[in-house]
Structure formats: structure tokens, C-alpha cells
Visitor: 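One structure, as C-alpha cells, below. Some questions next.
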Amino acid sequence: FVKAWCCIFATFLSLRTLMVILKKMSKTIIVVYGRANEGKTSTLRLFYELLGGNLKNKNSDIYEPIIFLEKLIGFISESDPGDETLKKFIKRVIELIEKKCEYLILTSRTKGKVVKFIDKIANEHDYNVVWTSTTFSPNLNHNLINQIDSEHLKKILIELITNEKI
């Protein structure tokens, strides 16, 4: 009897651990990072529209969540350095987490306070982080490159969502 009980308890712990791991896998932050003026925000705007988001102003930053493949996806396209911007960025990320966004799509420079904050908030709220950069060319059509990058982001997101059920 004791041996059977121990096996059941061990199985329960294994299932519980597996469920925690699976739950953690389903929450992901995708960060589009790069240097200044390399298409991060432009790519995120195109990606937002590609997923069905509606931009009121083509030049505005994005702070709105949308539903895509039955998941709440939060977007923040503004993350330039500066204390005031950082405070707004932190506040908006926390708001999206409180809204229960399973995926956050953010922009970031390659180093600095925003990068550190993203790593910190991901650990505190059990999000995985995927860092991806934009493609940059000083000579080629920026709109075309940004469109290609936005389609790449959609593929990443679809793979993450569809593979979380495995």
C-alpha cells in the first residue's frame, strides 16, 4: 500500500511539474531589438496590422492588445532610452501583464535599461523571451524589408502558439 501511494504521489508531482512547465511555456515575450532607426517600430506596426490590428494613425506607437489565434497578444512599440519613456514603457508592460496577455510583442535597443527590465519582468512573471532583430540595409527599400520582417514575426508567433499545445 505504501509503495503504491508513493508511486501515485510521485506521478502527481511529475504531472504537476509538467503542468507548471507547460503553463510557463505558453507565456512569451517577443522582443524586436536593434539600434536606433533600423525599423523596429515600423516592423511592429506592420506586424500589428498583419495580425488584424487597426492603427488609427500610421505613425503612432502601439499600446493595444489584440486577439490572434484565440490568444491575447500585447504590443508596445515605444522603448527608446530616456527616463520618462522608460517609466511609460514599464507601466504599459505591467498593464498588459495584468490584462493577462499571453504574448507580449515589444521593441528594444540592443542594450540598456529596457533590456534589463525585460529580462527582470520575464523572470518575475514566468514569461519566456525570444530576442529577434530587424533586417537592415542602407540601400534597399525599407518598407519591403520591414514587411518581410513582420511576416517573419508572424511565423514565429504562430509556431509558438501552435506548439504550446504539444
Side-chain angles (χ1 to χ4, degrees), residues 24-99 101-164:
K24 185 174 180 178
M25 285 177 62
S26 69
K27 293 180 1 180
T28 303
I29 299 171
I30 299 174
V31 186
V32 179
Y33 74 101
R35 297 182 306 191
N37 301 314
E38 289 196 351
K40 299 177 298 294
T41 299
S42 298
T43 297
L44 213 62
R45 286 182 189 127
L46 290 168
F47 181 44
Y48 183 76
E49 291 182 315
L50 193 60
L51 298 185
N54 186 13
L55 289 174
K56 297 170 185 88
N57 178 345
K58 299 289 182 193
N59 295 319
S60 63
D61 283 303
I62 307 165
Y63 309 111
E64 296 297 318
I66 61 171
I67 302 287
F68 179 73
L69 295 179
E70 301 177 4
K71 302 290 182 183
L72 189 59
I73 316 293
F75 283 80
I76 301 176
S77 63
E78 180 183 51
S79 64
D80 287 332
D83 289 337
E84 282 306 308
T85 305
L86 180 63
K87 287 177 188 174
K88 284 192 262 181
F89 180 78
I90 290 170
K91 180 180 179 242
R92 289 178 173 138
V93 169
I94 291 169
E95 286 171 357
L96 291 175
I97 290 170
E98 289 172 350
K99 289 180 179 180
C101 289
E102 295 169 78
Y103 294 86
L104 301 176
I105 315 298
L106 312 174
T107 59
S108 173
R109 297 278 175 90
T110 55
K111 58 186 175 183
K113 293 178 182 178
V114 172
V115 173
K116 291 175 185 169
F117 168 74
I118 290 170
D119 285 335
K120 179 179 180 270
I121 203 82
N123 287 330
E124 289 175 0
H125 295 275
D126 294 324
Y127 280 83
N128 295 301
V129 182
V130 175
W131 295 88
T132 184
S133 61
T134 54
T135 307
F136 177 75
S137 171
N139 303 321
L140 297 176
N141 181 325
H142 297 250
N143 293 330
L144 175 62
I145 290 174
N146 293 340
Q147 184 65 42
I148 291 167
D149 283 343
S150 68
E151 291 168 8
H152 174 70
L153 285 170
K154 183 177 179 182
K155 288 178 185 177
I156 292 171
L157 183 61
I158 289 170
E159 285 298 320
L160 289 170
I161 290 171
T162 57
N163 287 318
E164 78 180 28

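We're numbering straight along the sequence, starting at 1. Computed from heavy atoms alone, side chains included, the values below leave out hydrogens, waters and symmetry copies.
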Visitor: For His125, does its backbone N or O pair with a side-chain atom of Lys27 as donor and acceptor, under 3.5 Å?
Guide: yes
Visitor: Is the shortest heavy-atom distance from the side chain of Asn128 to the side chain of Leu160 under 4.5 Å?
Guide: no
Visitor: Can any side-chain N or O of Lys40 pair as donor or acceptor with the backbone N or O of Arg35 at less than 3.5 Å?
Guide: yes
Visitor: Please tell me if the side chains of Ile121 and Tyr127 come closer than 4.5 Å, counting only heavy atoms from C-beta onward.
Guide: no
Visitor: Test your reading of the model: is there a side-chain donor-acceptor pair from Ser77 to the backbone of Thr41, 3.5 Å cut-off?
Guide: no
Visitor: Can a donor-acceptor pair be found, under 3.5 Å and without considering hydrogens, that links the side chain of Asp149 to the backbone of Thr135?
Guide: yes
Visitor: Got more than 12 heavy atoms from elsewhere within 6.0 Å of CG, Asn37?
Guide: no
Visitor: So does Lys99 pair up with Glu95, basic N to acidic O under 4.0 Å?
Guide: no
Visitor: If you take all heavy atoms of Ser137 and Ile145, which pair is closest and at what distance?
Guide: CB-CD1, 3.7 Å
Visitor: Atom CD of Glu159 and atom CD1 of Ile161: how far apart are they, to the nearest 0.5 Å?
Guide: 10.5 Å
Visitor: Which heavy atom of Ile62 sits nearest to which heavy atom of Arg45, and what is that distance?
Guide: CD1-CA, 3.6 Å
Visitor: Work out which heavy atom in Val129 is nearest to a heavy atom in Ala122; give both atom names and the distance.
Guide: CG2-CB, 3.4 Å
Visitor: Quick one: pull up CG in Leu96 and CD1 in Ile76 and give me the separation to the nearest 0.5 Å.
Guide: 4.5 Å
Visitor: Heavy-atom distance under 4.5 Å between the side chains of Leu104 and Ile97, does that happen here?
Guide: yes
Visitor: Could you tell me which non-hydrogen atom of Leu50 sits nearest to which non-hydrogen atom of Ser150, and how far apart they are?
Guide: CD2-O, 3.7 Å
Visitor: Please find the pair of heavy atoms, one from Ser42 and one from Asn146, that lie closest to each other, and give the distance.
Guide: CB-ND2, 3.3 Å
Visitor: Measuring from atom OH of Tyr33 to atom OG1 of Thr134, what distance do you get when rounded to the nearest 0.5 angstrom?
Guide: 9.5 Å
Visitor: Roughly how far, to the nearest 0.5 Å, is the CD1 atom of Ile158 from the NZ atom of Lys71?
Guide: 13.5 Å
Visitor: Leu44 and Leu106: which non-hydrogen atoms are nearest, and at how many Å?
Guide: CD2-C, 4.4 Å
Visitor: Out of curiosity, Lys116 NZ to Leu86 CG, how far, rounded to the nearest 0.5 Å?
Guide: 11.0 Å
Visitor: Does any non-hydrogen side-chain atom of Thr107 lie less than 4.5 Å from one of Val31?
Guide: no
Visitor: Less than 4.5 Å apart, side chain to side chain, heavy atoms only: is that true for Ser108 and Phe117?
Guide: no
Visitor: Could you tell me whether the side chain of Lys154 reaches within less than 4.5 Å of the side chain of Phe47, counting heavy atoms only?
Guide: yes
Visitor: In the structure I gave you, are the side-chain heavy atoms of Leu157 and Phe68 within less than 4.5 Å of one another anywhere?
Guide: yes
Visitor: Could you check whether any side-chain heavy atom of Val114 comes within less than 4.5 Å of a side-chain heavy atom of Arg109, counting everything from C-beta outward?
Guide: no
Visitor: To the nearest 0.5 Å, how far apart are CD1 in Ile66 and CG in Leu51?
Guide: 4.5 Å
